[in-house]
Each structure stands twice: as structure tokens, then as C-alpha cells.
Amino acid sequence: MHHLGNFSLMAILVIAAYAVIASLLGVKRGSVKLTKSGERALLACTALSTTACFSLVWLLMKSDFRFEYVASYSNRELPFFYKLASLWAGNDGSLLFWSWLMLLFSGIAVVTNRNKNRELMPYVVATLGAAALFFTYLNYFVTNPFGQLGIITAAGTESWAPVDGRGLNPLLQHPIMAIHPPILYIGYVGFIVPFAFCIAALASGRLGSEWIAATRRWTLVAWFFLGTGIILGGRWAYVELGWGGYWAWDPVENAAFLPWLTGTAYLHSVIIQQRKGMLKIWNVVLVAATYLLCVFGTFLTRSGIVSSVHAFAESDFAQIFLVFIVSATVLCTGLILYRLPQLKSENELDSMVSRESGFLYNNLLFLVAAFAVLWGTMYPVLSEALQGEKAMVGPAWFNKVNVPIFLGLLALTGIGPLLAWRKSSFESLRRNFTWPLVLSLATAAVLFAFGMRHGYALITFALSMLVTVTIVQEFHKGALTRKAHKGTSYGAALVDLTLVNTQRYGGYIVHFGIVLIFIGVAGMAFDSDVKADVSPGESVHVSGYDVKLLGMKNGETPNYEWLSSELEVSKNGKVVGVYEPQKHLYKASQQPTSEVRRHATWVEDVYLVFGSTTAENKATIQVFVKPLVRWVWIGGIVMFLGTVVTLVPDRRELKLVQRSKAEAQQRLATKGKEKYEVA
Amino acid sequence: MKSLRFLGGGIVVGLLLSIATLSLSQDRPHGPEFRAAGEALMCQCGCGATIATCAMERCHSAEPIREEIWERLQNGDSVASIVETFKERYGLIILSAPPASGFHLTAWIVPFVVLLIGAFATRHVLSSWTRHGEAMQPAVVTSISEAQRARIEKELQDLS
């Protein structure tokens with residue numbers, strides 16, 4: 001099977017190179033045959049990549065420990081689901097998986113565009129083919145997962161296989177962790193399609209609404225998966241790592257957050273290009289930056305230049321990655337400079353105070369947030385290079401620098417929709433801002449009166465109210481107008497309104513999800529915890545909760561041994577639940593993990609961690625009380641529901657497609673006329 | 001429709017009640033000082049987490065440092081003095097944020113300098129686009145024809 005895998009990788013190298021050459025030659029010679037051939041070559045690469053990936057999965061399922069990758073990341077007792085997850089548990093396998101997802105996306109892009117965007121497609125295929133070439137080069141020559149174990153004897157190297165594998169990292173043996181990496185990877189690789197269309201638009205000079213329309217859904221899908229991956233990663237950290245948090249500003253977390261930030265900026269600024277034909281340069285820069293940050297994130301995870309609990313411990317291909325990133329950056333910069341005259345804005349602004357300017361400031365804050373995260377992530381490397389002593393940058397720095405920036409973004413989330421397109425008069429500002437401002441100030445006053453003194457938390461809750469009232473106001477006003485216009489019920493008008501402009505109203509739902517996440521994150525300001533060694537019958541007390549140890553149990557499964565403590569949680573003398581946080585000791589790796597348990601309510605989570613047992617047979621337990629944390633996950637769900645709404649096609653989008661078709665027909669007609677006149 | 005309103009109202013009331021109860025929490029066994037000191041120091045076991053968040057079993061780095069923080073806080077030491085003690089012992093590598101002095105001041109100010117430059121640049125761009133717009137006064141439309149009115153009506157109808 002490994003021969004098939006290796007052969008597939010070799011074949012991709014040849015065929016992807018052919019796809020690039022055929023597509024570019026096809027454009028130069030005006031040969032449809034060549035460009036079609038390039039597209040079919042890319043589809044062949046998709047099939048071959050699927051074969052290579054399947055080959056590794058086969059070896060994992062068969063527990064063929066002759067192969068180093070299989071022996072390193074799986075073992076015989078590993079359940080089927082986790083054997084499959086071993087595919088992305090190690091560096092070599094995950095890069096192969098990355099390439100497969102990328103080629104799968106490439107294949108879908110080719111198939112869905114077989115009858116449209118024909119002038120862009122040769123460049124799209126060339127870009128996708130070049131990326132496939134680079135990643136397959138890594139798969140075959142640098143991180144080949146089909147390498148075999150061997151023993152050096154007098155007669156030469158002989159094949160060798162251990163009796164059992166080392167097994168999958170126990171921390172990864174969690175249902176969320178089995179799905180989190182693929183979802184995150186889909187987000188990462190998904191941005192290659194908008195990037196390829198952006199390069200195609202720059203190379204072909206077709207910089208109108210065509211490439212924007214062609215990539216809107218791709219961008220949203222990639223953004224959706226990247227965001228889902230980030231939230232799932234946070235959820236995994238929360239329920240699996242046992243430190244009571246979900247976000248630690250770890251370099252690898254930051255690596256995923258960076259393209260999400262620039263991608264979000266793009267999703268906002270593209271609205272200006274769609275409506276006003278402005279920000280064209282800005283949009284191509286954002287799309288290129290988002291994809292390059294995705295690749296940079298992969299580089300950070302795998303190069304070993306920053307230390308992270310999530311990073312793959314490999315560092316021998318940092319230079320190859322850097323060459324790719326630098327080459328792509330030079331190509332993008334060169335193309336943007338070459339097309340600069342065509343990227344000028346088609347319109348001008350009527351006023352400094354308008355929705356358009358709101359979008360610009362929103363973009364500024366997203367970009368500054370991305371810069372701050374990148375700066376903090378790279379600062380240890382920079383300080384070591386310039387000062388000779390590494391200065392670490394942890395949550396303390398990230399929180400102090402980023403919190404004001406993100407609060408600015410939250411404020412703009414509320415203010416932006418209240419500004420009118422083109423120009424906001426004083427009267428419209430007064431009318432739109434009255435209720436949101438009054439209610440947000442009232443929220444701050446009430447919370448202050450209740451004794452809340454945490455400044456950032458107060459601001460967060462007040463701004464959350466501002467955004468919520470803005471969103472409610474937007475839906476309410478729209479529904480009332482629609483109800484009057486159509487004569488339907490208020491509820492029907494609300495649904496109708498959303499479906500008529502899914503982009504706008506889906507966006508508001510996403511904004512509400514963000515508000516809920518902010519509220520959940522602000523709850524961290526009120527976290528409390530206690531850690532103690534307790535005997536059965538003894539209790540610990542934290543934030544109004546009593547947690548009593550009832551007893552301890554132990555047992556084993558084929559995969560691990562377990563020890564649990566039975567904890568009774570009471571509030572105000574009333575028992576609210578009995579939970580059994582556990583300690584697992586995985587047999588293959590001999591690595592212990594904590595399996596936390598939570599008493600989760602809408603107000604707060606009581607987070608129970610069983611540390612270990614002491615020599616006096618006491619249980620070391622840690623209890624965290626984490627207010628509002630559930631709203632982070634609910635916010636995530638609301639955000640993703642909102643994204644799904646924005647993915648539903650609306651009439652405006654159909655009109656955009658019609659307009660680009662009309663533009664294309666007009667261009668064809670003009671070309672024909674010019675040819676006729678020349679003749 | 002009633003259930004929709006009830007659900008919306010429920011979410012808002014639930015959220016507000018959840019937030020309001022935050023102000024009533026008093027009992028803090030580990031306290032904000034313990035957490036602040038733990039978050040100001042990086043664990044040295046290689047996990048990349050802070051002393052407050054390292055989840056390693058009986059971590060050889062985090063556990064003794066936590067004990068020492070706890071003892072020093074009991075003795076009345078301030079968070080700043082505790083952090084300074086560890087900095088003298090381990091060097092900059094133990095701090096979870098660079099000191100706001102000397103070269104490392106750049107770590108703190110660069111993002112805000114970028115924000116300021118960006119804000120000025122954005123204002124400049126907006127201003128140049130807007131000034132240009134003011135110079136080019138649009139033609140004054142005094143009336144529209146019936147055909148134009150009918151077209152607008154039709155397009156509005158198409159949109160709804």
C-alpha cells in the first residue's frame with residue numbers, strides 16, 4: 001500500500017507541474033484545449049491525493065507498525081475513530097491530510113467553474129497547481145509518512161516492526177480533538193480558492209465584481225470552518241486540558257486567529273466594493289494576506305521557531321516554507337503594483353461620517369488586532385535576535401494590548417449599522433443612537449450599582465447592550481417596514497426580511513453571536529478557584545459552592561486505567577449534583593490525563609478537576625467557578641447559524657451574478673465590434 | 001410569534017440576571033492576587049502556559065512556584081515584589097509579559113503606534129475621497145419622468 005501512496009505523490013508532482021504549465025500556455029496561445037487539459041490534470045491530482053491519503057489510512061487501520069508514522073501515532077487497542085484521527089496527529093500525516101483537503105477544494109473549484117469564470121480559470125488552476133506542487137514536494141521529499149522502520153545489521157538494513165505502536169497522544173483522544181483539526185484545516189486550505197481567484201483577477205486584469213462574486217461563498221465557507229475550528233479548539237482545551245480556560249494566546253492558537261481576523265476584515269470591506277466599487281486594492285491585499293497568514297500559521301506550527309504546547313516538534317523545513325511564503329508575497333506585491341491603475345476606486349465618499357467610513361475604521365481595527373497578535377507571537381524571536389535574551393509574551397501582554405482594541409471593535413459593531421450609507425445627518429444620528437446609547441449607559445449604571453467595579457467588564461457589558469439594541473432595532477425597523485409593505489404578520493415579515501438580504505441580516509446574527517462571546521469572555525474577570533488535598537467526607541468552599549469528596553474509585557479499559565473521585569456539589573446547603581472527575585493513565589504511552597467534570601448552568605460553571613492521590617490517601621482536587629462561560633459556546637453556535645444564513649443566496653446576490661454576466665456579454669460585444677472595425 | 005418574543009425576552013433576562021449575579025460573588029479562596037501573580041509568570045516546564053494555567057500533573061516547575069507565591073502572599077508580599085523575586089532568579093524568560101522599560105517598551109507601544117498611524121492614514125484617505133467628492137457637485141435632479149418613476153417602482157418591487 002505504501003508503494004501506491006508514494007507513487008501517487010510522485011505522480012502529483014509531475015501532473016501538478018503539467019497543470020501549471022498547460023494552463024499558462026493555454027492563456028498565452030489562446031488554446032481552450034490546453035486550459036481544459038490543465039483543469040483535468042488538477043482533477044487527476046485530486047484523485048491521486050485521495051489515493052495517497054487512503055493508503056496511509058489503510059496502513060493505520062491495519063496497524064502496520066513497519067511504518068514509522070503508524071508506530072508513532074497509533075496502537076492496536078486504539079478505537080477506530082482515533083485510528084482515523086492518527087492521520088492528522090503527527091506532522092507527516094497532517095501535512096498529507098492538508099494537501100488532500102487542498103486538492104479536494106481545488107477539484108471542487110474546477111468542477112463548479114467548468115462553465116463560468118472561463119477567463120479567470122487558467123490562472124486559478126495555475127495558482128492551485130503551484131500550491132499543490134509545493135505541498136506535495138514537502139509530502140514526498142521532506143515529510144514522507146510512508147517511511148519504514150529498519151534495523152541496521154551486518155547484511156544491511158532490515159525491515160523491522162515493533163509489537164505495538166506508541167499510540168495516539170492521550171490529549172488527542174477526545175471526540176472534539178478528532179474533529180477539530182480537520183475543521184481547522186478546511187478553514188486554512190479553503191482560503192486558497194479566494195486567493196487563487198484574486199491572483200487570477202490580478203493576472204488577467206479582470207478586477208471588477210466577477211472574482212468577488214466567484215469567491216464570496218468560498219471565503220464565507222473557509223471563514224466559517226476556521227472560526228468553528230477555533231471555537232472547537234477552545235472547547236477542547238476547556239474540557240480536556242484541565243486548567244479551567246479555553247484560550248491561552250498560545251502561538252498555535254494565534255496562528256489560526258490571525259487569518260480569521262484578516263478574513264473577517266475582508267468580509268466587511270468587500271461589501272464596500274460590491275456596493276460602491278471602492279477598496280479594490282484593499283480587498284486584494286486582504287485576500288492575499290489571509291491566505292499567506294494561513295500558510296504562515298502552518299509554518300509556525302511546524303517550524304519549531306516558537307514554543308507551543310500544540311506545535312509539531314519538527315524544524316527541518318522552515319526554510320522551504322519561508323521560500324514559499326516569500327515567493328507568494330513577492331508575486332502578490334508585484335501583481336498589485338502592476339495593476340495599480342486599474343485598482344483605483346470607482347466612486348468617492350459623500351461624507352466623513354457614513355457607513356463607508358465605519359467599515360474603514362472597522363477594517364483598521366481588525367488589521368491592528370491582527371498586527372498586535374502577530375507582533376506578540378513573534379516578539380520572543382525578535383527580542384532574542386536583537387537583545388540576546390528571550391522575552392516571553394504571554395496572556396498578560398496579549399490581554400492588556402488586545403482588550404482595548406477588541407472593545408473598539410465591539411463598539412464599532414454597534415455603531416456601524418447605525419450610520420447611514422453615503423452620509424449621516426445629525427438628525428439621523430440622534431434618532432438611531434438614542435435608544436442604544438441610553439440602554440447601554442443604563443446597563444453600566446445598574447451593574448455599577450450592584451457593586452461591579454471591574455472596568456473592562458463594565459465596558460464590555462455596556463457595549464454588548466449597545467450592539468444588541470442596535471441589532472434588535474435593525475430587525476425591528478426592517479420587519480415593521482416589510483409588514484406594512486407586504487401586509488404579513490410581524491414574525492413572517494422578520495423571516496422574509498432576513499431571507500431577502502441574507503448577507504446583511506445573517507451578518508447581524510453573527511454580530512449577536514460575537515456579543516455573546518464577549519459576554520462569556522468578560523465573565524473571566526470574575527473567575528475563582530481553590531485547590532486542596534481532601535479526605536472522604538471533607539469539603540472545599542468556593543464562591544458559594546461546597547464541594548465534598550464522597551469517595552474514590554478505580555478501574556481500567558483496554559486503552560487506559562482510570563481513577564475517579566466522587567464529588568458532591570452543593571450551593572446554599574442544597575445538593576446540585578454529584579460528579580466524578582477522573583484521572584486516566586494511558587497504557588501505551590504511560591501518559592496521564594485529567595478528565596474534568598462540570599456542573600454547568602446559564603450563570604456559571606463549577607469546573608471540577610481531580611489531580612491525584614497523596615501518600616495519605618487524600619484526593620487533590622481543584623474547583624473553579626467560571627461565570628458566564630456557557631455564553632462563549634452559545635455565542636459560537638449563534639455565530640455559525642448566522643454564517644449559514646449569510647450562505648443562503650439572496651436576490652441581491654443573484655442580481656450581482658446577472659450584472660457580471662451582462663458585463664461579460666458587453667465586453668464580448670465590444671471586443672467583437674473592435675475586431676470588426678479593425679478588419 | 002408569542003413564543004418567539006418569549007424566547008428573545010428569556011435570553012435577554014437570563015443574560016442580565018447572569019451578569020448581575022457576578023457582582024454578588026465575594027468568596028475568593030485563591031483571590032485575584034494569587035491569580036495575577038500566577039498569570040504574570042511563565043511555567044518553565046516547556047508547556048508554554050503560565051504558572052496559573054499549567055495543567056501538567058505535579059509539574060516540577062509550576063507546583064513549587066505556586067506554593068511559594070501562596071506563602072509570600074500569606075506573608076503580606078505584594079504581587080509586584082513576588083514577580084520581581086522570580087525575575088531576579090530566572091531572568092526575563094519567567095515573565096509572561098516583557099517589562100515596560102528599555103528596549104522592551106517597544107513590545108508595548110508598537111501596536112498602539114501602528115493603531116495611531118493607521119487611524120491618521122484612514123482619516124487622510126477618507127478626507128481625500130470626501131474632498132474630491134465635494135469638488136464634483138452632482139447634477140441637481142429637479143424632477144423625474146413617469147417612465148423613470150415606473151422603473152424605480154418596478155425595481156423596488158423586484159427587490160421585495
Side-chain angles (χ1 to χ4, degrees), chain A residues 241-243 245 248 250 307-309 345 348-352 357 360-361 364 367-368 371-372 375 379 383 386-387 389-397 400-401 405 447 450-452 461 485-486 489-491 500 519 523 526 528-530 541-544 592 594 602-603 612 627-628 631 651, chain B residues 1 4 8 12 14-31 35 39-40 42 46-50 52-55 57-58 91-99 103-104 107-108 110-112 114-115 118-119 122-123 125-127 129-130 132-133 136 158-160:
Chain A
L241 291 184
W243 59 276
D250 178 274
S307 56
S308 160
V309 69
S345 290
E348 281 143 354
L349 294 178
D350 295 297
S351 166
M352 292 281 281
S357 59
L360 266 183
Y361 281 111
L364 169 70
L367 266 279
V368 172
F371 173 80
W375 174 253
Y379 190 79
S383 66
L386 296 176
Q387 293 278 294
E389 189 182 12
K390 189 183 263 188
M392 300 305 286
V393 175
W397 183 91
K400 277 183 186 151
V401 170
I405 300 170
L447 292 174
F450 265 93
M452 190 180 284
F461 295 133
H485 182 63
K486 290 261 187 180
S489 70
Y490 184 83
V500 162
I519 288 172
F526 307 94
S528 50
D529 68 283
V530 64
H541 184 78
V542 58
S543 289
S594 287
W602 297 102
V603 176
S612 57
L628 302 174
W631 295 98
R651 285 175 198 165
Chain B
M1 189 56 222
L4 197 70
V12 173
L15 256 175
L16 288 177
L17 282 176
S18 306
I19 293 166
T21 56
L22 292 178
S23 317
L24 307 173
S25 304
Q26 297 295 327
D27 195 4
R28 301 265 175 87
H30 267 185
R35 182 163 284 275
E39 281 173 357
M42 296 298 288
C47 65
T50 62
T53 57
C54 172
E57 172 90 1
R58 303 261 174 215
L92 278 179
I93 197 121
I94 189 104
L95 300 182
S96 75
F103 171 81
H104 298 295
W108 295 94
V110 164
F112 295 103
V114 170
L115 176 64
T122 308
R123 203 189 137 72
V125 167
L126 279 171
S127 162
W129 283 349
T130 313
H132 202 184
M136 290 168 51
D158 286 349
L159 269 177
S160 59

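Chain A is the first sequence line, chain B the second, and so forth, proteins listed ahead of strands; every chain is numbered from 1. Keep in mind the model is a prediction, meaning the values are calculated, not measured.
Interface residue Ala107(B): backbone and side-chain heavy atoms are both found under 4.5 Å from chain A. With a 4.5 Å cut-off on non-hydrogen atoms, Leu367(A) does not touch chain B at all. Interface residue Thr50(B): only side-chain heavy atoms are found under 4.5 Å from chain A.
Side-chain contact between His104(B) and Ser383(A) is present, with heavy atoms from C-beta onward closer than 4.5 Å.
When all heavy atoms of Val368(A) and Pro111(B) are compared, the pair lying nearest together is CG1-O, 3.9 Å. Contact between Leu92(B) and Ala391(A) at its shortest, heavy atoms only, is CD1-CB, 4.3 Å. Among all heavy-atom pairs drawn from Met392(A) and Leu95(B), the shortest one is CB-O, 3.2 Å.
The CD atom of Glu389(A) sits 7.5 Å away from atom CD1 of Ile93(B), with the distance rounded to the nearest 0.5 Å.
Most heavy-atom pairs under 4.5 Å with chain A: of the set Ser96(B), Cys54(B), Ala97(B), this distinction falls to Ser96(B).
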Practice task
Start with the C-alpha distance between Leu115(B) and Phe371(A), add both sets of side-chain angles, then the distance that settles side chain to side chain contact (heavy atoms under 4.5 Å, CB included), and finish with yes or no.
Solution key: CA-CA 9 Å; Leu115(B) 176 64; Phe371(A) 173 80; over 6 Å; no

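Qualifying side chain to side chain contact (heavy atoms under 4.5 Å, CB included) partners for Val125(B), counting only residues two or more places apart in sequence or in other chains: Trp129(B).
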